[in-house]
Amino acid sequence: MISKDARTILEYFQSLLNDLHTSPVPPENISSDNAFIALDQTIKTIRNSAIELRNGNLSHDIRGRGYVLGSLKNLQASLRNLTWITKTIASGDFSQRVHFLGDFSEAFNSMTEKLESSIHELEEARSHFEMVFQTIPDATVITKVADGTLIAYNRAFMEATKFTDVDLTVGLFNIRDLYIDASQRESFIKALEVNGFVENLEICFYGKNNERHIGLVSSKKITIEGMPHALSVIRDITELKAIEAKLQQSEERHRLLADNAADVIWTMDLTGRFTYISPSVEKLRGYTVEEVMAQSQEEVLCPGSLIQMQEGLARAINSVQNGLPFQVYRGELEQPCKDGTTVWTEATVSGIYSEDGRFIGMLGVTRDISERKLMEEEIRRLSITDKLTQSFNRLKLDETLEQQFDWSVSYGLPFATIILDIDHFKLVNDTYGHQVGDRVLIELVEVLHDNVRNGDVVGRWGGEEFLIIMPNTTLADATVMAEWLRQAVASHAFTTAGQVTISLGVAAFATDNAPETIVSRADTALYKAKEKGRNRVEVC
Amino acid sequence: MAEKYEFTWELLGDIGEGRPNLGNTTRVEIYRLMQFTIRDIIEKHVGVKETDEIFYEAGQLAGNAFYQHMITKTDDLNHFVNQLKTVLKELGMGILRVEEADMVKGELILTVSEDLDCSGLPEEGYEICTYDEGFISALLENFSGKPFIVKEIDCWCTGDRTCRFSAKAVNR
């Protein structure tokens with residue numbers, strides 16, 4: 001049991017220690033007691049200090065002495081030291097550690113280490129980003145989406161635009177001012193906001209000296225300090241565009257040339273399919289470009305030429321597959337026309353290679369050589385034709401004789417020759433003149449042509465001598481033919497000269513070693529016919 | 001009169017050589033026994049005020065030598081504090097903590113817990129770490145190049161369980 005006063009004092013101190021609201025008035029009968037005053041003061045200081053510490057006030061001046069107050073001061077000192085350490089860490093000094101605060105020390109120090117490691121990683125990431133950002137070969141900028149304020153730029157951006165660090169003061173420079181066409185920025189922002197990124201958007205912009213650039217912009221929307229920004233990589237394609245324009249011009253010019261050229265210009269892949277053909281093909285073959293593009297190889301070329309082309313194509317494929325240079329092909333090809341005729345063309349085909357040496361296809365130029373072909377044919381004809389009589393000349397006769405001899409030797413086929421000469425032709429010339437003599441020669445050839453078989457070759461051997469080469473003919477058949485001819489000539493009424501006769505010598509291939517020996521034997525027979533009175537046939 | 005024992009670091013001797021068995025540690029009470037007996041006698045000779053001045057100056061002398069031999073010179077406050085904390089702890093001199101530090105203003109508040117001089121002493125009602133005051137002022141002066149006045153504002157001996165020092169740079 002305790003006294004009422006003691007209980008009152010206890011209740012007073014209990015209230016000071018335990019209650020939110022306390023009675024400010026101490027018990028009257030003890031309030032002037034020194035021991036009470038000291039204790040009252042200490043407990044009030046403890047209460048107030050605890051309240052201040054609870055509220056986080058570390059500046060509160062804890063006055064007084066004693067174990068409990070000392071402990072509170074110690075706690076306050078620890079908290080103030082923690083505050084200082086935390087501030088120091090926040091300023092970037094991660095060497096600070098807390099000791100002698102039990103589990104808290106370990107937790108705090110772990111947090112510091114983790115923070116240091118995270119900051120280090122962040123710093124590394126930032127440094128890495130900075131390095132990548134600066135070393136991107138294309139111009140790269142970070143701008144505010146809202147107003148275009150420049151936040152960061154790399155060296156490539158400076159090189160492309162010629163702006164200096166002074167010009168590009170971060171936070172003041174506005175990328176919006178560089179747009180040549182403001183609507184392009186609107187499209188860019190719209191695309192960025194809708195998709196969150198922009199890929200290869202072509203944008204025209206000014207450089208420092210108002211020079212015009214064309215950039216291919218790829219952007220990604222990023223957030224910096226809660227604000228949307230655009231990280232943009234700009235590939236300057238100004239030069240590329242200029243080259244492209246030149247190329248386009250050049251291509252148009254070439255296409256114009258190709259489209260209007262008389263020659264047919266075409267490109268073809270290695271499968272033999274046309275990839276381009278100029279409209280002049282219609283003039284050449286009567287087919288339209290579309291029709292030709294749809295044609296098979298068999299429809300494009302006549303059979304003989306098709307083989308030639310297929311062989312050429314095979315060689316081309318072989319060259320390309322083996323990395324060998326494409327050998328230019330030049331050849332004459334016969335092509336069918338829409339009207340059923342054919343046309344001779346000369347085709348020159350070469351390989352098309354890209355700048356890096358890759359084979360792209362074949363380029364061909366096809367030229368109409370019909371006229372040349374005709375001319376060549378005429379030249380050929382003239383070269384083997386006797387000018388006066390229009391029969392074959394000695395050249396053709398020699399060729400044919402040799403050919404026949406070879407065939408007969410090779411295949412054992414018979415052939416015969418008739419050599420004939422106008423009897424007393426000098427007399428005709430002397431009597432009627434050379435013009436009549438020439439006329440006799442012409443008419444003689446006509447008679448001969450009218451009576452020989454198809455395949456027999458009639459030619460002027462020299463002067464008034466003619467040679468007939470008769471393939472696949474025996475000596476007997478040739479003799480019959482010779483007699484037939486003699487009669488035909490003898491019965492023909494030559495202009496002015498009237499009747500003219502011929503003498504004929506016949507010889508056939510036997511065991512001759514050379515074509516000349518056959519003719520020589522026929523000549524011997526002719527001589528014999530002349531000897532025997534002319535206008536007759538002799539055999540040797 | 002010429003000094004008999006002008007202090008140099010070398011005066012501490014080669015402890016490894018001299019104490020091969022006992023090593024370089026001793027009991028704290030022995031340290032205190034020497035300090036308080038010396039203080040007692042000096043007080044009797046010159047009075048309390050002068051004794052305090054003697055102890056403050058001795059602390060400064062010790063602080064200067066300590067800085068020169070135990071601290072790597074640095075301009076960075078945090079680095080300096082970290083070194084000091086570590087060496088004070090390793091030598092069993094106390095646990096140093098910084099509560100406030102404003103080197104621009106030249107004002108610091110430091111605490112030393114488990115202080116070698118006073119922790120566990122009976123409560124006497126007055127601060128006793130005068131030697132520490134001088135010691136800390138010399139350390140701060142060596143670090144900053146500015147003289148500091150250090151005053152102990154809380155002490156174990158005043159019932160505060162930790163020693164708190166206020167240091168202020170002196171504008172010359």
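Numbered from 1 within each chain, the chains take letters A, B, ... in sequence-line order.
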What part of A/I85 gets closer than 4.5 Å to chain B, counting heavy atoms only: side chain, backbone, both or neither?
side chain

Taking CD1 in A/I222 as the centre, count heavy atoms belonging to other residues, nucleotides or ligands within less than 6.0 Å. Is the count above 12?
yes

Working to the nearest 0.5 Å, report the span between SG of B/C155 and NZ of A/K73.
10.0 Å

Around atom NE2 of B/H69, are there more than 12 heavy atoms from other residues, nucleotides or ligands closer than 6.0 Å?
yes

Would you find more than 12 non-hydrogen atoms of other residues, nucleotides or ligands less than 6.0 Å from B/D75 atom CG?
no

Indicate yes or no: at least one non-hydrogen side-chain atom of B/H79 is less than 4.5 angstrom from one of A/S95.
no

Take atom CG of A/D103 as the centre, draw a 6.0 Å sphere, and report whether it contains more than 12 heavy atoms from other residues, nucleotides or ligands.
no

Between B/L110 and chain A, with a heavy-atom cut-off of 4.5 Å, which part of the residue counts as in contact: side chain, backbone, both or neither?
neither

What do you reckon, is CD of A/E113 surrounded by more than 12 foreign heavy atoms closer than 6.0 Å?
yes

With a 4.5 Å cut-off on heavy-atom pairs, point out which of B/T111, B/N82, B/V81, B/L77 contacts chain A the most.
B/N82

Between atom CD of B/E100 and atom OG1 of A/T83, what is the distance when rounded to the nearest 0.5 Å?
9.0 Å

Counting only heavy atoms not in A/K87, do more than 12 fall under 6.0 Å of its NZ?
no

Enclosure of B/K85 NZ (heavy-atom neighbours >12, cutoff 6.0 Å)
yes

Rounded to the nearest 0.5 Å, what separation is found between the CZ atom of B/R97 and the CZ atom of A/F100?
7.5 Å

Separation of A/H99 NE2 from B/I95 CD1 (nearest 0.5 Å):
9.5 Å

With a sphere of 6.0 Å drawn around CZ of B/R19, does it hold more than 12 non-hydrogen atoms of other residues, nucleotides or ligands?
yes

Has the side chain of A/N81 got a donor or acceptor atom that lies under 3.5 Å from a matching backbone atom of B/V98?
yes

Is the shortest heavy-atom distance from the side chain of B/L108 to the side chain of A/W84 under 4.5 Å?
no

Under 4.5 Å to a heavy atom of chain A? For B/D154 that would be side chain

